[in-house]
Amino acid sequence: MGFQFYTMKSFIISLLPSKIKSALKWYFASRQLIQGDDVWAKNAKYDMETKTIMEAVLNKGSVAIDVGAGQGEITAELAKVITEGTIHAFEPLPASFHKLKSRFKNNSHCETYQLALSNKVGKTNFNIVEDNLGYSGFIQTPAAIEKYGASFKEVEVSTTTVDEIIPPEVRVDFIKIDVEGAESLVLEGARDTILRSKPV
């Protein structure tokens, strides 16, 4: 019953306009301070903390990378600050990428890529949790297995690296990574960019 309620709540929230969603995130984030077991509240709290950091360290001309952009919640927050620089948003899942691309199609400062960032260029298997795409990734994480058991669908996705995409003359100010356990692979593939730019 708890899983069904969570899934329905996430679905209903996903249909709401962005401003209402943002207000709800503040509500759930504050509720997380009191009640620590609600997944949506936890995620809302993380998003609010990320937004606070972004507002502190970025400016209108910054360059940022959103790895595991999903449908663009954090990308949208980046776009509020970065109005003259560039946002590179990566999302490998077709359904999520379609929404991400559509959402930012009129934003000339946001580049969207239907790619999974990793430590090499090529193709790899990707585990999709269809009941909750946020748990999808290269690996089947313990959290995803605990919540969704064997309901994974395996697909092949194209991979690249930060160092392959970002030219050496570009200074990157900020990288957000949310890739369900494959963060170390993303960092390996961003080694030169990180050493050169020292991004937040």
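Computed from a prediction, not measured in an experiment: that's the story for all the values here. Residue indices begin at 1 and follow the sequence shown.
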Next item on the list: Identify, with sequence neighbours excluded, every residue that meets side chain to side chain contact (heavy atoms under 4.5 Å, CB included) alongside P167.
Entry: E169, V170
Next item on the list: List for me each residue that meets side chain to side chain contact (heavy atoms under 4.5 Å, CB included) alongside D173, sequence neighbours excluded, and say none if there are none.
Entry: L58, S62, V63, R171
Note to self: Run the side-chain hydrogen bond (donor to acceptor under 3.5 Å, both in side chains) test against E49 and tell me which residues pass, sequence neighbours left out.
What the structure shows: K45
Note to self: Under 4.5 Å side-chain heavy-atom separation, chaining through any Ile, Leu, Val, Met, Phe, Trp or Tyr, what else clusters with V121? Say none if it is isolated.
What the structure shows: none
Next item on the list: Report, as yes or no, whether the 6.0 Å neighbourhood of atom CD on Q114 holds more than 12 heavy atoms from other residues, nucleotides or ligands.
Entry: yes
Next item on the list: Could you tell me the separation between the CD atom of E77 and the CD1 atom of I87, rounded to the nearest 0.5 Å?
Entry: 10.5 Å
Next item on the list: Not counting sequence neighbours, which residues clear side-chain hydrogen bond (donor to acceptor under 3.5 Å, both in side chains) with E183? List them please.
Entry: none
Next item on the list: Check the pair M54 / L78 against side chain to side chain contact (heavy atoms under 4.5 Å, CB included), numbers first and verdict last.
Entry: CA-CA 7 Å; M54 292 188 305; L78 287 166; 3.1 Å; yes
Margin query: Suppose we screen for side-chain hydrogen bond (donor to acceptor under 3.5 Å, both in side chains). Which residues come up paired with R191, at least two apart in sequence or across chains?
Written below: none
Next item on the list: Could you tell me which non-hydrogen atom of K176 sits nearest to which non-hydrogen atom of G68, and how far apart they are?
Entry: NZ-O, 2.9 Å
Next item on the list: Ignoring hydrogens and angles, tell me if any N or O in the side chain of D66 forms a donor-acceptor pair with the backbone of T75 under 3.5 Å.
Entry: yes
Next item on the list: Before giving the answer on side chain to side chain contact (heavy atoms under 4.5 Å, CB included), spell out for V162 and L187 the whole-Å C-alpha distance, their side-chain angles and the decisive distance to 0.1 Å.
Entry: CA-CA 8 Å; V162 170; L187 292 171; over 6 Å; no
Checklist line | Selection residues 175-200 - residue pairs positive for ring pair (Phe, Tyr, Trp, His ring centres under 6.0 Å), sequence neighbours left out | finding: none
Check: Taking only residues two or more places apart in sequence or in another chain, which ones pass side chain to side chain contact (heavy atoms under 4.5 Å, CB included) with K123?
Finding: E156, S158
Margin query: Could you check whether any side-chain heavy atom of I53 comes within less than 4.5 Å of a side-chain heavy atom of F174, counting everything from C-beta outward?
Written below: yes
Item checked: Between OG1 on residue T112 and CG on residue N107, distance to nearest 0.5 Å -> 10.0 Å
Item checked: Distance (rounded to the nearest 0.5 Å) between D47 CG and T52 OG1 -> 10.5 Å
Item checked: E73 and its salt bridge (Lys or Arg N to Asp or Glu O under 4.0 Å) partner, picked from K80, K51, R103 -> R103
Notebook entry, point to check: Got a sec, which residues hit side chain to side chain contact (heavy atoms under 4.5 Å, CB included) with K60, two or more places apart in sequence or on another chain?
Noted result: T83, E84
Check: Under the side-chain hydrogen bond (donor to acceptor under 3.5 Å, both in side chains) test, which residues partner K99, sequence neighbours left out?
Finding: none
Item checked: Residue pairs passing the ring pair (Phe, Tyr, Trp, His ring centres under 6.0 Å) test where at least one lies in residues 51-95, sequence neighbours excluded -> H88-Y113, F90-Y113
Item checked: T159 to K120 - nearest heavy-atom pair and separation -> OG1-O, 2.9 Å
Item checked: Smallest separation among heavy atoms of G189 and T161, with atom names -> O-CB, 3.3 Å
Margin query: Restricting to non-hydrogen atoms, name the atom on D163 and the atom on D192 that form the minimum distance, rounded to 0.1 Å.
Written below: OD2-N, 3.0 Å
Checklist line | Gap between atom OG1 of T193 and atom CD1 of I166 - 0.5 Å precision | finding: 6.5 Å
Checklist line | Point-to-point distance, once rounded to the nearest 0.5 Å, from CG of L117 to CG of L185 | finding: 10.5 Å
Check: Would a distance-only check, ignoring hydrogens and angles, find a side-chain to backbone donor-acceptor pair under 3.5 Å from T50 to Y46?
Finding: yes
Next item on the list: Write down the atom of P199, the atom of I175, and the distance for their closest heavy-atom approach.
Entry: CG-CD1, 3.8 Å
Check: What's in the same ILVMFWY side-chain cluster as F104, cut-off under 4.5 Å, chained through other members?
Finding: F97, L100
Notebook entry, point to check: Could you state the interatomic distance from CG (L115) to OG1 (T160), rounded to the nearest 0.5 Å?
Noted result: 6.0 Å
Notebook entry, point to check: Is there a side-chain contact between R196 and P168 (heavy atoms, below 4.5 Å)?
Noted result: yes
Next item on the list: Go through the steps to decide whether V67 and I65 satisfy the test side chain to side chain contact (heavy atoms under 4.5 Å, CB included), and finish with yes or no.
Entry: CA-CA 6 Å; V67 187; I65 302 174; 3.7 Å; yes
